[in-house]
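Everything below concerns the one structure shown next.
Just so you know, ligand 1 is whichever comes first in the structure, and atom 1 is the first atom listed for that ligand.
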Amino acid sequence: MRVSLIQFDIAFGNPEANYAVVEKYIHAAAAAKPDCILLPELWTTGYDLTRLKHIADPGGQATLTFIASLARRYKVNIVAGSVASSTDGNVTNRMLVFNREGELAGEYNKLHLFRLMDEHLYLQPGAAKGLFPLDGTLCAGLICYDIRFPEWVRAHTAQGAEVLFISAEWPLPRLAHWRALLISRAIENQCFVVACNRTGNDPANTFAGHSMIIDPWGDIICEAGQSEEILSGEIDLHKVREVREQIPIFSDRRPHMYE
Ligand SMILES: O=C(O)CCC(=O)C(=O)O
């Protein structure tokens, strides 16, 4: 599976500008014929939380139509990061996933809201896991702060997920945490981690970039710097079975002792 991550500087509170940039980047990424493209968190609006109710995408419908047509046009799976999606005045931070036919293959509303950036004041948490199939492989979608909750990640891999797609707006001061947490989640779950962060600034934060692809042994396949870029890497899915056979963590777990 060839994966391309679009790490870019999200225009604050300006969905039209961000749709235009994403269309340009997906067109550019598609030239390398990836199997899957991943976008960052809240890429239509950024963290414009005080205006989020007004600029959120009602039901995620505009994003759905927009990304579905790109997935169909380029015959590529798109894990479309997350967008602010509103229903009856409630806003969720929603990941949308599309297959090569442009059909919705999965969706996930961010479970853990990040208090340090006031998310809990403006967003509703999700209530379901982010499992979805891509070209016959079970994958999981998680959003940013979720990676600090190993039990939530494990809930997905214990059900068979072999690739974690993570979308983020992770700030620069905690870059060391971003890297350590992603590598740990890959090692402890013996799965691929494909993580797309944004770069640039908003009025309150500078973001870290450093999108990465990590293999089930914890080795980094590729890693971006802090600038805008399309990061691409190859995933050999056999590696999941190889590592899980070598150190059989999933058979050796003792979940009855963990509560
Ligand atoms: O956990 C962190 O340090 C960053 C989390 C975050 O920025 C988010 O969830 O949006």
Pull out every atom of ligand 1 sitting under 4.0 Å from any heavy atom of [X], numbered as shown with elements.
{"X": "M117", "result": "7 (O)"}
{"X": "E41", "result": "10 (O)"}
{"X": "E119", "result": "10 (O)"}

(request) Ignoring hydrogens, just give me the one of A168, P173, P171, C144 whose non-hydrogen atom is nearest atom 8 (C) of ligand 1. (result) C144
(message) Quick test of your reading of the structure: of Y145, F114, F207, whose heavy atom lies closest to atom 4 (C) of ligand 1?
(response)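 When every heavy atom of Y145, F114, F207 is considered, F114 comes closest to atom 4 (C) of ligand 1.
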(message) I want to know if ligand 1 touches E169 in the polar sense, i.e. an N/O pair below 3.5 angstrom.
(response)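 Yes, there is a polar N/O contact under 3.5 Å.
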(message) Can you tell me which portion of H177 lies within the under-4.0 Å heavy-atom range of ligand 1? Options are side chain, backbone, both, or neither.
(response) neither
Identity and separation of the nearest protein heavy atom to [atom]:
{"atom": "atom 1 (O) of ligand 1", "value": "R148 NE, 2.7 Å"}
{"atom": "atom 10 (O) of ligand 1", "value": "Y47 OH, 2.6 Å"}
{"atom": "atom 9 (O) of ligand 1", "value": "K110 NZ, 2.7 Å"}
{"atom": "atom 3 (O) of ligand 1", "value": "R174 NE, 2.5 Å"}

Carboxylate-amine/guanidinium proximity below 4.0 Å for [X] and [Y]:
{"X": "E103", "Y": "R72", "value": "no"}
{"X": "R198", "Y": "E228", "value": "no"}
{"X": "R2", "Y": "D35", "value": "no"}

(request) Indicate, with yes or no, if the rings of F114 and H120 have centres closer together than 6.0 Å. (result) no
(request) Establish, yes or no, whether a centroid distance under 6.0 Å links the rings of W152 and Y145. (result)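 No: the rings miss the under 6.0 Å criterion.
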(request) On the 0 to 90° scale, with breaks at 30° and 60°, tag the H112-F149 ring pair as parallel, tilted or perpendicular. (result)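 It falls in the parallel class, under 30°.
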(request) Report yes if some heavy atom in the side chain of E162 is under 4.5 Å from a heavy atom in the side chain of Q190; otherwise report no. (result)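 E162 vs Q190: side chains apart.
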(message) Contact between E119 and N93 at the side-chain level, heavy atoms closer than 4.5 Å - yes or no?
(response) yes
(request) Compute the minimum heavy-atom distance from H112 to ligand 1 and say whether it is under 4.0 Å. (result) no
